[in-house]
Amino acid sequence: MTDPVRAAYDTMAERYAALFLHELDRDSQTLEALAAFAEAAAGQTGPVMDLGCGPGGAVDHLRQRGLSVFGVDASPGQIAQARMAFPERHFAVGDLTALGVPDASLGGIVAKYSIIHLPPADLPAVFGEWHRALAPGAPVLVSFFGSRSGDNHGRPFDHRVITAYELFPDTVADLLRGAGFRTVRVEASPIPEGGRPFDHTTVLAGKPSD
C-alpha cells in the first residue's frame, strides 16, 4: 500500500472507526459472505488473515465463528483503533501486497474493500502473492465496488478517504483464476438509491487442493 493511502487512513482512523466499527450489524450481504468463507476455511489448520482489517470488526466476527484469525492493515492508526476495540484479538501493521509469511501457510484470506486503492494493474501480482501464501484448499474472499460495465474497470472515483478504483467483477474473477484460484461465487447488490453507479460486490474463490 502506498504512503499516501496509509497517511490518509491514519488521518481518518478515529472517524473511520466511529463510522465502520459496527458496520457488520447492518450489512447482511457481507455477513452471508463471511459465513460462506468461514465454512470453507473451517477445515484449514493455518490462520486466516484479514487484509485491510480497519477497526477490526470482521476479525472479531470470524474469531467468534471459531477461526484463528488476525488482522493486518497498512495504517498504524487503523491498527490502534482495532486494538482498542478488540484487545483480545490479534492485529499488526502490514502490507496486503507482500504478506511476509511462508508459502502455503495461511488458512484463508479476507480482503474487504482493501484492494480498491491499488492501481488495477497491480492486482495480478497481488493475487499471485496471496496464492503463494495460502494453503491448498484455502478460501479467499474479496469485496470491492463493482463496475456495471467492463469498460469502466479501473476507473478512479473520489472515495471519502482517498482515490479508489471501481472494478468489473468478471475481470476480478478472471484475474483470480489467472493467479491459480478457482472462483466459487460472485455476488453483487446495488448501492442504495442515490449512491454511486456501481455495486457492492464479493468474490469467494479458493486455492485448489489438488
Side-chain angles (χ1 to χ4, degrees), residues 1 5 24 27 29-75 78-79 82 86 89-118 120 122-146 167 169 171-187 200-209:
M1 194 68 70
V5 173
L24 290 179
D27 188 349
Q29 180 187 356
T30 299
L31 285 173
E32 291 173 3
L34 288 172
F37 171 87
E39 182 178 354
Q44 292 291 321
T45 58
V48 167
M49 184 180 283
D50 181 3
L51 300 174
C53 65
V59 170
D60 183 64
H61 178 79
L62 290 171
R63 186 66 189 90
Q64 291 185 48
R65 295 189 66 97
L67 296 181
S68 174
V69 56
F70 62 100
V72 172
D73 202 288
S75 162
Q78 296 287 335
I79 292 298
F86 306 105
R89 307 306 185 205
H90 299 290
F91 301 97
V93 176
D95 188 343
L96 65 83
T97 69
L99 303 185
V101 298
D103 293 353
S105 62
L106 296 180
I109 285 175
V110 172
K112 195 164 63 69
Y113 294 94
S114 55
I115 65 170
I116 62 171
H117 301 296
L118 294 173
D122 292 352
L123 291 178
V126 171
F127 293 160
E129 166 68 354
W130 296 1
H131 187 274
R132 176 200 67 78
L134 285 166
V140 58
L141 178 67
V142 188
S143 58
F144 51 90
F145 295 106
L167 304 169
T171 301
V172 173
D174 286 343
L175 292 174
L176 286 164
R177 293 188 191 100
F181 291 101
R182 187 171 297 151
T183 302
V184 176
R185 188 176 72 189
V186 178
E187 298 282 349
H200 288 299
T201 304
T202 61
V203 178
L204 178 63
K207 183 174 179 176
S209 55

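Note: hydrogens, waters and symmetry copies are ignored here, and every other heavy atom, side chains too, is used.
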Novice: State, yes or no, whether a side-chain contact exists between C53 and F70 at a heavy-atom distance under 4.5 Å.
Specialist: no
Novice: If you round to the nearest 0.5 Å, how far is CD1 of I115 from CZ of F127?
Specialist: 4.5 Å
Novice: Mind telling me whether F91 and F86 have parallel, tilted or perpendicular rings, with 30° and 60° as the class edges?
Specialist: tilted
Novice: Just checking Q29: does its CD atom have more than 12 heavy atoms from other residues, nucleotides or ligands closer to it than 6.0 angstrom?
Specialist: yes
Novice: Considering only heavy atoms from C-beta outward, does the side chain of V172 approach that of T201 to under 4.5 Å?
Specialist: no
Novice: Quick one: CG on L96 to CG on D50, what's the gap to the nearest 0.5 Å?
Specialist: 10.5 Å
Novice: Would you check if there is a donor-acceptor pair between the side chains of D73 and S75 at a distance under 3.5 Å?
Specialist: no
Novice: If you take all heavy atoms of D103 and R132, which pair is closest and at what distance?
Specialist: OD1-NH1, 2.6 Å
Novice: Write down the atom of A104, the atom of P136, and the distance for their closest heavy-atom approach.
Specialist: CB-CD, 4.2 Å
Novice: Start with the C-alpha gap between L118 and V126, add the side-chain angles, then the distance that decides, and say whether side chain to side chain contact (heavy atoms under 4.5 Å, CB included) holds.
Specialist: CA-CA 9 Å; L118 294 173; V126 171; 4.0 Å; yes
Novice: Does F144 form a side chain to side chain contact (heavy atoms under 4.5 Å, CB included) with V203? I'd like the steps, not just the answer.
Specialist: CA-CA 9 Å; F144 51 90; V203 178; 3.8 Å; yes
Novice: Looking only at heavy atoms, which two atoms of V48 and A41 are closest? And how far apart?
Specialist: CG2-CB, 4.3 Å
Novice: Can you tell if the side chain of V140 reaches within under 4.5 Å of the side chain of M49, non-hydrogen atoms only?
Specialist: no
Novice: Let me confirm one number: the CG-CG distance from L34 to L62, rounded to the nearest 0.5 Å.
Specialist: 5.0 Å
Novice: Are V69 and V110 packed together at the side-chain level, in the sense that at least one heavy-atom pair is separated by less than 4.5 angstrom?
Specialist: no
Novice: Rounded at 0.5 Å granularity, tell me how far NE2 in H200 sits from OG in S143.
Specialist: 9.5 Å
Novice: Indicate the atoms forming the closest heavy-atom contact of I116 with Y113, along with that distance.
Specialist: CG1-O, 3.3 Å
Novice: Charged N to carboxylate O under 4.0 angstrom, D60 versus R63?
Specialist: no
Novice: Between CD of Q44 and OG of S209, what distance do you get to the nearest 0.5 Å?
Specialist: 9.0 Å
Novice: Going from OG1 on T202 to NZ on K112, what distance comes out if it is rounded to the nearest 0.5 angstrom?
Specialist: 11.5 Å
Novice: How close do G100 and E129 get, heavy atom to heavy atom, and via which atoms?
Specialist: N-OE2, 4.1 Å
Novice: Would you say the side chain of L99 lies within less than 4.5 Å of the side chain of I109, judging by non-hydrogen atoms?
Specialist: yes
Novice: For a quick test of reading the model, state the closest non-hydrogen atom pair linking L134 to F181 and the distance between them.
Specialist: CD1-CE2, 3.5 Å
Novice: Kindly say whether A135 contributes a backbone atom to a donor-acceptor pair with the side chain of K207 at under 3.5 angstrom?
Specialist: no
